[in-house]
Enquirer: 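Have a look at this one.
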Amino acid sequence: QDLAEEYRDLNFRYFPYCIAEGIAQIKKPNPLENPDISLDAPRRNILSCVNRFARFHRLYAFYLICRSPNLTNAKVSFMRLETRWPDENGYLQPIYLSFEDMIEVARIHEYYTPDFEAWLREEFPRLPRRIEELDNEDNKYDNWVKSEAFSESYANITTETYVEYFVPTEKVVKPLLAGCIFMPTSCRSYMAKLERMGFDLKFEGIDYSEYDDLPRWQNRVERVIEIANRSEEHTSELQSQST
């Protein structure tokens, strides 16, 4: 309760219990939630981006990753965009958006371009994408720190749940516990607020202020992917030094 009161001025929608729990796991042995991951062992992937629940800002990030020349080997998982409607029993069921629906949403969210439409037309038949066999199928699986997306990657583009509100989730804890370079897409001043909570996010060569205060989420996503694209040669050096 004292901790929640202390951070009340950060405008949380709810107190991020998952972060507190993730930090607590560091202090007690638990092979599932806090696996023994070597930070010195070679890793297979330079960059990963896990998207179990597809949201529109994640679709835009996915598009930009695919269009970045240095990120063609990034490991990305992505479900088809969906909305949810109650069935006859009142349970919410996923209704997958058609190609035309996704294009219309891109127009509404102001990131439509002819290039985006051409990319989505080619990508749409391949969705969903998976990093590993069980990725996106088990509700717990991609939340497991030891999954390939984290333990086998040097860097992680973290597409937070919200881009308008400061609601940090387990997506903060997973890459940091796994020793990944952390590049999030989220709300304005997200990184500054995480640092106020006590997270050490000062990675050499990455200036989070480049995007943290940009007012539009589209511009923040664009800048994060741009930084990831610029940083690829340095993360590639990490991979080559470890092999």
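On a predicted model such as this, the values are computed, not experimentally measured, just so you know. When reading the values below, keep in mind they use all heavy atoms of this one structure, side chains included, and skip hydrogens, waters and symmetry mates.
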Enquirer: Have Thr159 and Asn51 got a donor and an acceptor in their side chains that come within less than 3.5 Å?
Expert: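 There is such a pair between these side chains.
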Enquirer: Can you list every pair that meets salt bridge (charged side-chain N to carboxylate O under 4.0 Å, His left out) and has a residue in residues 101-110, with sequence neighbours left out?
Expert: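 Matches after skipping sequence neighbours: Glu110-Arg216.
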Enquirer: Compare all side-chain heavy atoms of Met79 with those of Tyr96 and state whether any distance is below 4.5 angstrom.
Expert: yes
Enquirer: I want to check something: taking the side chain as every heavy atom from C-beta on, are Pro175 and Phe150 in contact at a cut-off of under 4.5 Å?
Expert: yes
Enquirer: Applying side chain to side chain donor-acceptor pair (under 3.5 Å), name anything that partners Thr161, two or more places apart in sequence or on another chain.
Expert: none
Enquirer: Under the side-chain contact (heavy atoms from CB on, under 4.5 Å) rule, collect the residues that match up with Glu123, sequence neighbours excluded.
Expert: Phe62, Trp119, Arg126, Leu127, Arg129
Enquirer: CG/Leu71 to CG/Leu64 distance, rounded to the nearest 0.5 angstrom?
Expert: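 Nearest 0.5 Å value for the CG-CG distance: 10.0 Å.
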Enquirer: Would you say that Tyr111 contacts Tyr63 through its side chain, given a criterion of any heavy-atom pair below 4.5 Å between the two side chains?
Expert: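 Side-chain contact under 4.5 Å: no.
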Enquirer: Could you list the residues that satisfy side chain to side chain donor-acceptor pair (under 3.5 Å) with Arg230, not counting sequence neighbours?
Expert: Glu210, Glu226
Enquirer: To the nearest 0.5 Å, how far apart are CD1 in Ile206 and CD1 in Ile227?
Expert: 7.5 Å
Enquirer: Nearest 0.5 angstrom please: Ser153 OG to Arg43 CZ, how far?
Expert: 7.5 Å
Enquirer: When rounded to the nearest 0.5 angstrom, what distance separates CZ in Phe166 from OG in Ser189?
Expert: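 If we round to the nearest 0.5 Å, Phe166:CZ and Ser189:OG are 9.5 Å apart.
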Enquirer: Give me each pair satisfying salt bridge (charged side-chain N to carboxylate O under 4.0 Å, His left out) with a member in residues 56-69, each pair once, sequence neighbours excluded.
Expert: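 Qualifying pairs, neighbours excluded: Arg67-Asp115.
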Enquirer: How long is the span from the CG atom in Asn45 to the OG atom in Ser151, to the nearest 0.5 Å?
Expert: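 Here the rounded value is 9.0 Å.
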Enquirer: Provide the closest heavy-atom pair for Pro42 versus Glu152 in the form atom of the first, atom of the second, distance.
Expert: O-OE1, 4.2 Å
Enquirer: Once side chain to side chain donor-acceptor pair (under 3.5 Å) is applied, do any residues pair with Arg80, and if so which ones, sequence neighbours excluded?
Expert: none
Enquirer: Side chains of Tyr60 and Trp217: does their closest heavy-atom pair fall under 4.5 Å?
Expert: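 Heavy-atom side-chain distance check passes, below 4.5 Å.
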Enquirer: Does a donor on one side chain sit under 3.5 Å from an acceptor on the other, for Thr158 and Asn156?
Expert: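 Side-chain D/A pair, Thr158 to Asn156: present.
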Enquirer: Which residues pass the side chain to side chain donor-acceptor pair (under 3.5 Å) test with Ser209, sequence neighbours left out?
Expert: Asp207
Enquirer: Would you say that Tyr112 contacts Ile103 through its side chain, given a criterion of any heavy-atom pair below 4.5 Å between the two side chains?
Expert: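 Tyr112 vs Ile103: side chains touch.
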Enquirer: Would you name the heavy atoms of Ala106 and Phe116 that are closest together and state the gap between them?
Expert: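 Ala106 and Phe116 have their closest heavy atoms at CB-CE2, 3.5 Å.
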Enquirer: Do you see a donor-acceptor pair shorter than 3.5 Å between the side chains of Glu160 and Thr185?
Expert: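 Result is no, nothing qualifies.
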Enquirer: Mind listing the closest non-hydrogen atom pair of Ala54 and Leu81 along with its distance?
Expert: O-CD2, 3.4 Å
Enquirer: Donor-acceptor pair, Ser68 side chain versus Ile225 backbone, under 3.5 Å?
Expert: no
Enquirer: Decide yes or no for Ile181 and Ser231: does some side-chain heavy atom of the first lie under 4.5 Å from some side-chain heavy atom of the second?
Expert: no
Enquirer: Applying side-chain contact (heavy atoms from CB on, under 4.5 Å), name anything that partners Leu214, two or more places apart in sequence or on another chain.
Expert: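 Applying side-chain contact (heavy atoms from CB on, under 4.5 Å) to Leu214 gives Tyr211, Asn219, Arg220, Arg223.
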Enquirer: With rounding to the nearest 0.5 Å, note down the distance linking OH in Tyr190 to CG in Asp213.
Expert: 15.0 Å
Enquirer: Measure across Ala74 and Ile65 and return the closest heavy-atom pair with its distance rounded to 0.1 Å.
Expert: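 The answer is CB-CG2, 3.9 Å.
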Enquirer: Can you find a heavy atom in the side chain of Asn73 that is under 4.5 Å from one in the side chain of Ile46?
Expert: no
Enquirer: Is any side-chain heavy atom of Ser48 less than 4.5 Å from a side-chain heavy atom of Val76?
Expert: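 Answer no - side chains too far apart.
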